[in-house]
Structure formats: structure tokens, C-alpha cells
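Proteins come first, then strands; the chains are lettered A, B, ... in the order of their sequence lines, and each starts at number 1.
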2 protein chains.
Amino acid sequence: MTVPNVIPNGSLAASQLRVTPASPLFLREDEIRRGIELLYFGYTAMIRGADAILDAQGLGRAHHRALYFIARRSGLSVGELIGLLGITKQSLGRVLSELQARGLVEQMVGTADRRQRLLRLTTTGAAMEARLFAELERSMARGYAEAGQQAVSGFWAVLMGLVPPDDRARVEALQD
Amino acid sequence: MTVPNVIPNGSLAASQLRVTPASPLFLREDEIRRGIELLYFGYTAMIRGADAILDAQGLGRAHHRALYFIARRSGLSVGELIGLLGITKQSLGRVLSELQARGLVEQMVGTADRRQRLLRLTTTGAAMEARLFAELERSMARGYAEAGQQAVSGFWAVLMGLVPPDDRARVEALQD
DNA sequence: CCAGATATGTCAACATGACTGTCCCAAATG
DNA sequence: CATTTGGGACAGTCATGTTGACATATCTGG
């Protein structure tokens, strides 16, 4: 690698380096790469268990994400789900119709706005989502446990810091 | 949601709940879901900037991952790269031959084992990887900065906790 | 030194999940 | 009533993963 080990960055908080707190900070490339790699491998590892279940059912990650958010915000509209997933109407359309065909998801006409289709899980769908969630939970709980509760707030803080400020409200909104 | 708010977990460290440290711990579902969601949205957000560059070049994330790890471990073998990416030889083959055709990656016959093809970036490839890395870095540095250095070790700790113990050595090995 | 294991490459077929573009309908909104 | 909005449907494309089968060069153990 020819990229220098030390990278200038205008306005960062204190790092492990011995830098006076008020000075411009230099983050070492290794620290950045470590974050990138842990994010990649950690995310992959967390998903792995659920992937196996999905595979056995002939479903994919796209189905899981839809089930997850419908479970999380029962009664959300198709448009809201599209916004959370960040995909197009056409892409979601296929996933959603498969989930409906399997009897995992059902629609209701919106009450306030009758154009909307409000989504919720069927009993079967809720059971499936619970199985998938249990896998994610097992992994995440282990991560929390191994790191300790003190680490968890740092974990949250950095991840939220990755999300562009304009998008944060949407993420926070999931926390009821 | 019909899943209970409180989930039993055998052997976890202290949480925010008022639980005596030695007792079995109960992690609240919200804390788990928050981790899952932040991991999803944070990862997506970090990648976004690089995705735009890749798109403009007609490359995809698969190419980026290959470039990233070749940059990180210059001279690694095809088999090692397959192991890091967790994909099949055939999947990597396509990506790798595209990168070679574009003059971003080159191969050398292994010295110790002449069956191996050792991979490294060309000058052009290193420049491309540096551009992509700069985007990831921008995002990650902002996350670190907003959270503060103290949070970063918690961030690392939880993510490493997500990785199954057997796989951790491989992740650590990237840190030279 | 030879038989078998290993590292890599390649061809072919297929599945998933994204995309764009277009057209349509029903309901809300002004 | 005209326009906008929420949603559905159809068609085609692309990126990236998969299996399976086979080839070739090289290493390694008996």
C-alpha cells in the first residue's frame, strides 16, 4: 500500500495518538481500516444464521428485510417500506407479492388515505420473523455480552455517526 | 409485534437495567433491534459514497471488495482472497479477470509455491483503490469523530464480538 | 519417481435481487 | 374537474452469487 499511514482530517475528536485535544486530529489509516473491516465481517457474521433459515425456506435477504421492517412497524404503508429499504417500487413489488402469496404478509386498505396499502404480518409471518429475529438476536446478544454494556453505547454512537444527519431521524423513528 | 419485550439470555454482562451484576441478564429487545438497525443503516451509509464512484466506472461492490483486500494484503494468493471474501472460485474468477482486463490488478507466479498466483494492484489500480478508500474513510472518520475516541473501542469490541471466535484470527490477521 | 492432493482457471447453466422504463388505476387534493 | 399521489403490473437488463464438470500445472508423501 502506498497510501500514507497518517491521514490529515480537519475536525475530529481525540484519538489514541498523543495529540493535544484542541489540535487538528490525525487518524491513523489502520484505525479506519479496522472499522471498515470489522463492520464488514461483523455484519456478515450477524446475518449468517438467518441466511441459513431463509435458504431452507427458499427466501432471500430481501424477504427478510421486508419481514423485519413490517414486524418492526406493523401497519406501515408500502411507500414507507420502500423508503426504509431504499429500493424501488418494482423491486419491492416482487418481494412483497411473494410474501403475500406465501401467506406471510397481508394488506389492509389505509383508513386515513384509502390509496395506501398498510402492511402487517400474518400469524405465520410473525412466527417466521420471530425465528429469523432469534438468530440475529443470538448473534447480537453475544456481541453485546462479549464487549460489555459499556461498549454498546460506543458501538451505537459510531454507527449513528456513520449515518448522514439527514437520514438519522428515520433511524431514530424506529425506536418508537 | 407480539414478541415479548424482555428476552432471557443466559450469560451476559451488565446492561442498563437495574440488575445485580452477577445475576442472569435480560437484554431488552429494543437494544438488540437498535444494534441490528444501526448496523444495517450504518453499513449502507458508509458504502454509499464508494458505490457512486464504482457506478461511474461500471464496477460493482464485488470489484471494490477485491480491490480493497488486494490493497490491504498486497501479494496475497487467489485462495486467500477467496477465503476473505467468502465466495466461490468461479465468482471471484469473473471479478478478477475484469479487474485484470482493465489493468487494475496483476498477477505474479508464487515464489515458494509456483501454483499460486499472487495478486497486487497496478499503479492505476492503487489509484482507484485510494479514491474508493478515501470515500470510506471520509464516512468512517466522521463516525469516529462524532462518537469520540472513547466510543471507538466499544464499537470495535461489539463488532469483534459478532464474529464467531473461529473466524476472528482471520480478521485480526489483517492488522499486520 | 510416481500417485494423489492442491491451486488455479474455465465453460456452462442457473437464481436472486437490484435496476430502468412504461402504462394503468384509484383516490386524494387543489 | 384537472392534477398529483400511492400503488400495481409488465418487460427487459445487469451484477453477483451459486453448482457442476473438467483441465492444467505444481507440490508432496510413500
Side-chain angles (χ1 to χ4, degrees), chain A residues 40 43-44 47-48 50-70 75-102 105-120, chain B residues 40 43-44 47-48 50-70 75-102 105-120:
Chain A
Y40 172 64
Y43 181 74
T44 303
I47 293 290
R48 200 167 300 161
D51 275 352
I53 296 178
L54 289 163
D55 235 59
Q57 308 284 324
L59 297 172
R61 285 188 189 178
H63 302 95
H64 187 188
R65 287 195 290 269
L67 287 175
Y68 181 94
F69 284 117
I70 296 171
L76 88 174
S77 71
V78 171
E80 286 168 340
L81 185 53
I82 286 171
L84 282 171
L85 295 174
I87 60 176
T88 60
K89 180 178 62 166
Q90 294 85 340
S91 297
L92 179 60
R94 177 176 35 202
V95 170
L96 220 44
S97 44
E98 287 179 78
L99 290 175
Q100 287 171 323
R102 285 166 183 256
V105 167
E106 60 188 7
Q107 289 186 340
M108 312 173 302
V109 171
T111 49
D113 184 336
R114 291 171 45 80
R115 291 172 304 180
Q116 293 185 328
R117 301 302 126 125
L118 307 185
L119 303 168
R120 65 179 179 199
Chain B
Y40 173 65
Y43 181 75
T44 303
I47 293 292
R48 201 168 299 162
D51 275 352
I53 295 178
L54 290 164
D55 235 59
Q57 308 285 324
L59 297 172
R61 285 188 190 178
H63 303 95
H64 187 189
R65 286 195 290 268
L67 287 175
Y68 181 94
F69 285 116
I70 296 171
L76 88 174
S77 71
V78 170
E80 287 169 338
L81 185 53
I82 286 171
L84 282 170
L85 296 173
I87 60 177
T88 60
K89 180 177 60 166
Q90 295 84 341
S91 296
L92 179 60
R94 178 173 36 204
V95 170
L96 220 44
S97 44
E98 287 180 76
L99 291 175
Q100 286 172 324
R102 285 167 183 257
V105 167
E106 59 188 6
Q107 287 186 342
M108 312 173 302
V109 171
T111 48
D113 185 337
R114 291 171 45 80
R115 291 171 303 181
Q116 293 185 329
R117 300 303 126 121
L118 307 186
L119 303 168
R120 66 180 178 199

Which atom names give the shortest non-hydrogen contact between [X] and [Y], and what distance separates them?
X       : Y      : value
L84(B)  : F69(B) : CD1-CD2, 3.9 Å
R102(B) : Q57(B) : NH1-O, 3.0 Å
R120(B) : G75(B) : CB-N, 4.3 Å

Exercise. Of all of residues 75-82 of chain B, which get a heavy atom below 4.0 angstrom from DNA chain D, listed by number?
Worked result: none
Mind calculating the distance between [atom1] ([X]) and [atom2] ([N]) to the nearest angstrom?
X       : N       : atom1 : atom2 : result
Q116(B) : dG9(C)  : CD    : C1'   : 15 Å
L59(B)  : dT16(D) : CG    : C1'   : 13 Å
H63(A)  : dA18(C) : NE2   : P     : 9 Å
D51(A)  : dT18(D) : CG    : P     : 12 Å
D55(A)  : dG17(C) : CG    : C1'   : 14 Å
R65(B)  : dT16(D) : CZ    : C1'   : 8 Å
L85(B)  : dG17(D) : CG    : P     : 8 Å
R61(A)  : dT16(D) : CZ    : C1'   : 12 Å

Seminar exercise, completed: Given protein heavy atoms under 4.0 Å, the one-letter contact record of nucleotides 24-30 of chain D, with B base, S sugar-phosphate only and - none, is simply -BBS---
For this session: Using a 4.0 Å heavy-atom cut-off across all strands, classify Q107(A) as base, sugar-phosphate, or nothing.
Result: sugar-phosphate
Exercise. Base, sugar-phosphate, or nothing for G60(B), non-hydrogen atoms under 4.0 angstrom?
Worked result: sugar-phosphate
Problem set entry | salt bridge (Lys or Arg N to Asp or Glu O under 4.0 Å) contacts touching residues 107-119 of chain A (sequence neighbours left out) |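 Sorted pair list: D113(A)-R115(A).
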Problem set entry | Contact list for residues 80-95 of chain B, test salt bridge (Lys or Arg N to Asp or Glu O under 4.0 Å), sequence neighbours left out |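 As it turns out, there is no salt bridge (Lys or Arg N to Asp or Glu O under 4.0 Å) pair with a partner in residues 80-95 of chain B once direct neighbours are skipped.
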To the closest 0.5 Å, what do you measure between [atom1] ([X]) and [atom2] ([Y])?
X       : Y      : atom1 : atom2 : value
L118(A) : L76(A) : CG    : CG    : 8.0 Å
E106(A) : L99(A) : CD    : CG    : 12.5 Å
I70(B)  : L96(B) : CD1   : CG    : 5.5 Å
L85(B)  : L92(B) : CG    : CG    : 6.0 Å

For this session: Specify the angle, to 10°, made by the local axes at the two ends of the helix from dC1(C)-dG30(D) to dG30(C)-dC1(D) when five pairs are taken at each end.
Result: 30°
Problem set entry | Non-hydrogen side-chain atoms of I47(A) and L54(A) separated by less than 4.5 Å | no
Problem set entry | L119(A) side chain near Q107(A) side chain, heavy-atom distance below 4.5 Å | yes
Exercise. Distance check: side-chain N/O of T88(B) vs OP1/OP2 of dT18(D), anything under 4.0 Å?
Worked result: yes
For this session: Walk me through it: do H64(A) and L59(A) pass the test side chain to side chain contact (heavy atoms under 4.5 Å, CB included)?
Result: CA-CA 8 Å; H64(A) 187 188; L59(A) 297 172; over 6 Å; no
Seminar exercise, completed: Taking for Q100(B) and for A62(A) the nucleotide of DNA chain C with the nearest heavy atom, the one nearer the 5' end belongs to Q100(B)
For this session: Determine the interplanar angle of the Y43(A) and Y43(B) rings, folded into 0 to 90°, and report it as parallel if under 30°, tilted if 30 to 60°, perpendicular if over 60°.
Result: parallel
Give me the distances for all protein-to-nucleotides 9-14 of chain D N/O pairs that come in under 3.5 Å?
none

